[in-house]
Structures are given as structure tokens and as C-alpha cells.
Amino acid sequence: MKIYNTLTKKKEEFKPIEANKVKMYACGPTVYNYFHIGNARPFVFFDVVRNYFEYKGYQVTYAQNITDIDDKIINKAIEDNSSFKQIAKKYIAAFQEDTEKLGIRKPDFQPKASEVIGEIIKLIKDLENKGFAYEVKGDVYFSVESFKDYGMLSGKKIDDQKAGARVEANTNKRHPADFTLWKKAKPDEPTWNSPWGQGRPGWHSECVVLSQKYLQCQSFDIHGGGVDLVFPHHENENAQAQALSNKPLANYWMHNGFINIEGEKMSKSLNNFFTARDILKEYNAEAIRFFFLSKHYRSPIDFNRSIMQESDTAVKNFYSALKSINFTSRDEEVNYSDRFEGKKTEFITAMDDDFNTAKALSVMFDLAKTIKSTKENEENRKQAANLLVELGSVLGFFQDLAAKLSNDLGDLSSKLLSILIDIRNSAKENKNWALSDKIRDELLKEGIQLLDTKDGTKWEKK
RNA sequence: GGCGACAUCGCCAAGUGGUAAGGCAGAGGUCUGCAAAAUCUCCAUCCCCAGUUCGAAUCUGGGUGUCGCCUCCA
């Protein structure tokens with residue numbers, strides 16, 4: 001399979017470091033707020049990456065950090081008149097809740113930055129000892145000039161950057177591009193003891209420490225995150241790791257594109273900021289997942305109401321197909337005919353090509369069509385349904401299949417419904433259209449759709 | 001100013017040298033009391049210009065446009 005690697009700016013054949021194993025790390029949330037729809041994209045996408053590798057038979061180890069020490073958290077604590085620990089605790093819980101609702105599986109490891117302060121200090125100390133870092137008045141900086149490959153990931157040459165163009169130049173730094181590894185304590189901030197006095201770590205070290213610790217290696221297979229992290233975050237992570245080990249932190253760097261809102265960048269000043277939590281109130285998790293996967297992960301994607309509506313309809317399509325043949329659960333032992341093996345191959349070929357999920361989805365639509373088609377024989381429709389669920393599951397759909405397919409209303413409701421259907425049918429026989437339509441319309445309002453088929457009146461939950 | 005990405009039907013979106021997948025929306029026919037569902041049919045020459053080639057949405061050059069990064073934003 002091929003993966004686009006930010007490091008080489010090419011699609012490359014994926015070769016794991018250890019045969020049949022994938023070690024991957026994706027940057028997690030900074031817990032100072034509910035995460036927004038833009039944060040959700042990489043969470044969902046790397047969940048799919050993980051699933052797909054497992055589907056291909058790899059043993060995957062997936063780690064993701066939680067940044068619980070950061071300026072933004074401290075600021076939020078001041079704003080809310082709370083403590084930084086309480087803020088972190090609150091939003092970690094919210095993060096867990098929302099990702100679960102989105103159907104994202106928990107990574108194998110999900111450590112917090114605060115758990116590894118000792119190891120972060122050791123990393124910085126090692127960098128200092130080897131001449132890659134220097135201390136100025138209690139702050140420690142990484143010296144970009146000491147690491148000759150600085151810029152290898154982002155393609156930036158440090159001398160091209162306009163120092164201080166957008167941020168005030170820090171006069172303590174030897175070079176404007178030098179970044180902070182350790183910050184001297186300020187009043188009312190959480191601090192830890194260190195060789196440089198009281199302080200706290202900068203943002204870029206935690207991911208180095210956590211990834212290497214939990215993936216148990218200096219250099220692992222895949223590192224992921226949003227494109228905005230390429231520079232400076234990932235560049236700086238890599239610089240620290242490679243300065244010490246002479247190897248890149250990861251072999252493949254994958255970056256997802258941004259989400260725009262109605263064509264504009266999402267930002268607080270434009271007030272077009274949507275949290276995943278809010279969107280989940282309006283649309284179900286699978287519609288959100290479909291929205292993300294309907295476009296290639298590296299492309300920017302526009303979020304708006306009509307596209308969410310379409311995504312919702314599209315997902316319902318899969319379910320109505322499955323309902324049309326009373327599909328209940330997947331048969332894992334099924335032997336697909338050549339025709340469906342071919343469909344499966346199409347799906348795999350699409351996914352092997354740098355996770356072309358949009359194309360993979362078209363295979364699913366194709367299967368849905370086969371399932372619904374009255375021209376197909378029973379066996380083909382069954383196989384198509386089975387394969388639809390198999391492939392859809394790789395993309396994270398159909399997690400509550402049984403519940404979604406169930407038409408179970410409970411005893412009394414079922415009886416009442418069949419009484420209503422009987423009354424309606426009598427009304428129809430008497431050509432009392434007003435009454436029969438009223439029953440149909442009222443039931444639809446309650447989410448029950450009646451279908452007058454040749455085999456009598458059927459119904460399904462909308 | 002530096003670096004980079006993208007431009008395909010009303011909307012979303014595949015396609016990476018061989019004559020434009022798919023989804024949503026829409027139009028018409030069949031079916032239906034009417035709907036829904038099902039079913040059949042219809043619906044683009046790919047931002048512009050030039051070039052390479054037997055052949056280009058796909059390669060090259062030049063435009064135009066949109067967007068991103070260059071700040072501890074996914």
C-alpha cells in the first residue's frame with residue numbers, strides 16, 4: 001500500500017519497521033475546551049487508518065497524547081476562575097465522551113503530558129549536554145542552527161523566515177527560530193522542579209517522549225496530525241528526536257487537511273466555531289464520519305448544513321438497503337463469489353492508494369444498490385449485504401448494527417401499531433383517504449414510515 | 001516576502017496518458033387511491049492559453065482564481 005509522506009513529499013510504498021506490525025502515533029487534544037469539528041477529523045481519520053491496517057492483518061499499536069499542560073489551559077482556568085487541574089480534568093472527560101459518541105475506538109495508549117515530566121526533563125537535559133539546547137535565565141531553547149537538518153519535514157529554510165514578522169522577537173534566543181523546551185515558572189502557573197529551576201515544559205517535547213515511551217522505540221512507523229502541525233510542532237518534535245538518535249522520529253508523516261465552514265476558515269473571531277458536541281446533537285455520528293470520509297483526507301473540506309444533510313441521507317441509504325433484505329448480522333465465514341471478491345479488491349485497492357476513502361465509499365454504494373435491486377437473486381443480495389457491513393466496519397460504520405436494524409418497538413407498541421395499520425387498511429378499502437393518510441402522516445411524525453408494498457403494508461423506523 | 005496545496009455537472013466527489021465512477025439534488029416513464037419504496041430513462045469534455053503526443057481532465061510552460069503554513073490553531 002502507498003502512503004503520502006510529508007517527509008519526502010511523495011506517495012511511498014509502506015514498509016513497516018517490523019514485519020506485520022504498525023506503530024503509530026497521532027497528536028491528541030489540548031484539553032482546554034470541547035474539541036471542535038476540525039479536531040474531530042484527524043481523530044476519525046486515524047481511527048480508520050488503524051482499522052484498515054488491522055483489516056490488512058497488521059498488529060497495530062496506536063498511541064495518542066493528551067496535552068494537559070499548556071498556556072491555553074492556564075488561560076482558561078483564569079477565565080473560568082478555576083484551577084488548571086480542574087479544567088484539564090473536565091475536558092479530558094468531555095473528550096472521552098465525545099470521541100466515544102463519534103464511534104472512535106480508544107487508542108492503545110493515551111497518556112497525559114503531566115505523567116512524564118521527569119522523562120521530558122531528561123530529554124531536554126540530553127539535548128543540552130549534546131549542545132542542541134541552551135539555557136537563558138531559566139528558559140531552555142533548542143538551537144535550530146545546531147541541527148543541520150532543521151526544516152527537513154516542513155521544507156522551510158530557517159533563514160527565509162521573517163523573524164518577528166508576526167510575533168515579537170524574543171531577545172533571549174540566539175536564533176529567532178529557536179523554540180522553547182522549558183519555560184521558567186511564572187506566578188500562579190503549575191511548575192515542576194528541574195535542573196534549570198522551577199518551570200514547565202514547552203509543547204514540543206511531550207510528543208517525543210510519549211511516542212517513544214509507549215511505542216517502545218526511538219523511531220516508529222507513522223506519525224499523524226493536522227497539516228498545521230507540520231510546522232512548527234512536528235518539525236520541532238523531529239528535530240529533538242533526530243538530534244539525539246540520528247533517525248527521524250517516524251518514517252511516515254501523515255497530515256490531514258483543514259475543515260472550512262461555509263468556505264471560510266473556522267475561527268473564533270468569525271464566530272463559525274462548531275464543537276463536535278454540538279454537531280452530535282443535530283446529526284448522528286455516522287453522518288459526521290461519512291462527511292469526513294467522503295473526501296480524501298489531505299484535501300480541505302467544507303462543512304455546511306446541506307453537506308451534512310447529504311451525508312446523513314447517504315448513510316441511511318446503507319441501512320435501508322440492509323433492511324430491505326432483513327439482514328441481521330454479518331457472517332464472518334462467508335465465501336464470496338468472484339464477483340464480490342472483485343468488489344472487495346476494489347475497496348482494498350482504493351484504500352491502499354493513500355487511503356482513498358471517497359472511492360472506497362463508492363464501492364459501498366455499489367453494494368447497496370445490489371442489495372436493493374429486485375433483479376438480483378437472494379444469494380447475491382446476501383453476499384452484497386455481508387460485504388457491505390464488512391467493508392463499512394473497516395471505515396467505522398455499523399457499530400450499532402443490531403440496534404439500528406431492529407424494528408423492535410416493545411410489545412405494546414407493536415400491537416398498537418398493527419392495530420393502526422389494520423384500521424388504516426379498512427379505511428383504504430372504504431376509500432377513506434383522509435383517515436388513511438392521517439394515520440400514515442401521524443406515524444411518520446413519530447418516525448414510523450409505512451410502505452404499501454405488493455405483500456401488504458410494511459413499516460420501518462426512520 | 002518565503003514555502004506549499006488545490007481548480008472536474010446545481011452541490012459533494014473519483015479519475016494521474018486511451019477517450020469523464022459514484023452520491024445528493026433534478027426531469028420524465030412504470031407501479032400506487034395519492035405518497036413512499038422499487039424500477040427504467042435522461043442529466044459535464046474537466047478554470048484559461050500555448051506546447052508534448054496517434055491520443056491529455058490526466059504530462060510541460062505561462063496565466064487566472066481559491067486556500068493553507070511561516071505564532072504553543074487539528
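Per chain, numbering begins at 1; letters A, B, ... match sequence-line order. Just so it is clear, the structure is predicted and the values come from calculations on it, not from any experiment.
- Stacking between A:Phe43 and B:A74 is absent: the aromatic ring centre is not both under 5.5 angstrom from the base six-membered ring centre and within 30 degrees in plane angle.
- There is a side-chain donor-acceptor pair under 3.5 Å between A:Trp196 and A:Glu128.
- Lacking a ring centre under 5.5 Å from that of the base six-membered ring together with a plane angle below 30°, A:Phe365 does not count as stacked on B:G23.
- Separation of the P atoms belonging to B:C40 and B:U45 is 25 Å when rounded to the nearest angstrom.
- Between the base of B:C69 and the side chain of A:Lys156 there is a donor-acceptor pair shorter than 3.5 Å.
- Regarding A:Tyr34, its OH atom lies at a distance of 22 Å from the P atom of B:C73, rounded to whole Å.
- Picking from B:A38, B:A74, B:A21 the nucleotide with the shortest atom distance to the side chain of A:Ser362 gives B:A21.
- For the pair A:Arg174 and A:Tyr134, the cation-pi test (distance below 6.0 Å, angle within 45°) is passed.
- Residue A:His36 is classed as a base contact, given a heavy-atom separation below 4.0 Å to a base.
- Within the 4.0 angstrom heavy-atom criterion, only backbone atoms of the sugar-phosphate kind lie near A:Pro232; the bases stay farther away.
- Side-chain proximity of A:Lys72 to B:C12, B:C73, B:G33: nearest is B:C73.
- OP1 and OP2 of B:G33 both lie 4.0 Å or more from every side-chain N or O belonging to A:Lys431.
- Distance from the side chain of A:Phe231 is smallest for B:C70 among the nucleotides B:C73, B:C70, B:A14.
- To the nearest 0.5 angstrom, A:Leu153 atom CG is 5.0 Å from A:His255 atom NE2.
- Closest to the side chain of A:Ser436, from the set B:C73, B:G33, B:U16, is B:G33.
- For B:A50 and B:A56, the P atoms lie 14 Å apart once the distance is rounded to whole Å.
- At a cut-off of 3.5 angstrom, counting only N and O atoms as typed in the model, there is a donor on one side and an acceptor on the other between the side-chain of A:Arg440 and the base of B:A35.
- Residue-to-nucleotide contacts include a donor-acceptor pair under 3.5 Å from the side chain of A:Asp437 to the base of B:G33.
- The side-chain tip of A:Lys156 points at the ring of A:Phe231 from less than 6.0 angstrom away and within 45° of straight on.
- Remark: B:A7 base-pairs with B:U64. Criterion, Watson-Crick or G-U wobble with two distances under 3.5 Å.
- Counting heavy-atom neighbours within 6.0 Å of A:Lys89 NZ, excluding the residue itself, gives a total of 12 or less.
- In this structure, A:Arg298 forms a cation-pi arrangement with A:Tyr4, its terminal cationic atom sitting closer than 6.0 Å to the ring centre and no more than 45° off the ring axis.
- When the C1' atom is compared between B:C73 and B:A35, the two are found 49 Å apart, to the nearest whole Å.
- Here A:Lys323 lies out of heavy-atom contact (under 4.0 Å) with every strand.
- Candidate nucleotides B:C34, B:C69, B:C11 were compared by shortest atom distance to the side chain of A:Glu310, and B:C11 ranks first.
- Counting non-hydrogen atoms under 4.0 angstrom, A:Arg381 reaches nothing in the nucleic acid.
- If you measure from atom CG of A:Leu153 to atom C1' of B:G4, you get 13 Å, rounded to the nearest angstrom.
- Phosphate proximity of B:C24 to A:Asn317: present, with a side-chain N or O under 4.0 Å from OP1 or OP2.
- The NE2-P distance, from A:His255 to B:G4, rounds to 16 Å in whole Å.
- The P atoms of B:G22 and B:U41 are separated by 12 Å, rounded to the nearest whole Å.
- Searching all strands for a Watson-Crick or G-U wobble partner of B:G33 with both distances below 3.5 Å returns nothing.
- Here the nucleotide nearest the side chain of A:His296, chosen from B:G22, B:A14, B:G33, is B:A14.
- Between A:Leu229 and A:Ser294, the one whose closest nucleotide on RNA chain B sits nearer the 5' end is A:Ser294.
- Nucleotide B:C69 has B:G2 as its partner under the Watson-Crick or G-U criteria, with both atom distances under 3.5 Å.
- At the phosphate of B:C40, OP1 or OP2 sits under 4.0 Å from a side-chain N or O atom of A:Lys375.
- No engagement by A:Lys458 is indicated, since no non-hydrogen atom pair under 4.0 Å with the nucleic acid exists.
- The line from NZ of A:Lys323 to CG of A:Leu451 is 10.0 Å long, rounded to the nearest 0.5 Å.
- Under the Watson-Crick or G-U wobble criterion, with both distances below 3.5 Å, B:U53 is left unpaired in every strand shown.
- Atom CG in A:Asp302 sits about 11 Å away from atom C1' in B:C67, given to the nearest Å.
- Across the P atoms, B:A13 and B:C47 are found 14 Å apart, a figure rounded to whole Å.
- As rounded to the nearest Å, B:A14 and B:G4 have C1' atoms that lie 24 Å from one another.
- A:Asp278 and A:Thr275 form a side-chain donor-acceptor contact under 3.5 Å, judged by distance and modelled atom types alone.
- For the side-chain contact (heavy atoms from CB on, under 4.5 Å) criterion with A:Phe95, the lone passing option out of A:Lys90, A:Glu100, A:Gln110 is A:Gln110.
- Of the residues near RNA chain B, A:Leu450 and A:Asn236, the one whose nearest nucleotide (by heavy atom distance) lies more toward the 5' end is A:Leu450.
- Looking at heavy-atom distances under 4.0 Å, A:Gly225 makes contact with sugar-phosphate atoms alone, never a base.
- Not one side-chain nitrogen or oxygen of A:Lys295 sits closer than 4.0 Å to the OP1 or OP2 atom of B:C12.
- Contact check, A:Asn356 against B:G15: a side-chain N or O comes under 4.0 Å of OP1 or OP2.
- The residue A:Ile37 sits apart from the nucleic acid: no heavy atom pair falls under 4.0 Å.
- Rounded to whole Å, the separation between the P atoms of B:A5 and B:C46 comes to 24 Å.
- Remark: B:A21 base-pairs with no nucleotide in the shown strands. Criterion, Watson-Crick or G-U wobble with two distances under 3.5 Å.
- Looking at heavy-atom distances under 4.0 Å, A:Ser373 makes contact with sugar-phosphate atoms alone, never a base.
- Here, B:U60 and B:U71 have their C1' atoms 38 Å apart, quoted to the whole Å.
- In this structure, B:U45 makes no Watson-Crick or G-U wobble pair, since no nucleotide meets both defining distances under 3.5 angstrom.
- Note on A:Lys9: nothing from the nucleic acid sits closer than 4.0 angstrom, heavy atoms only.
- Distance, A:Arg305 CZ to B:C24 P: 21 Å, rounded to whole Å.
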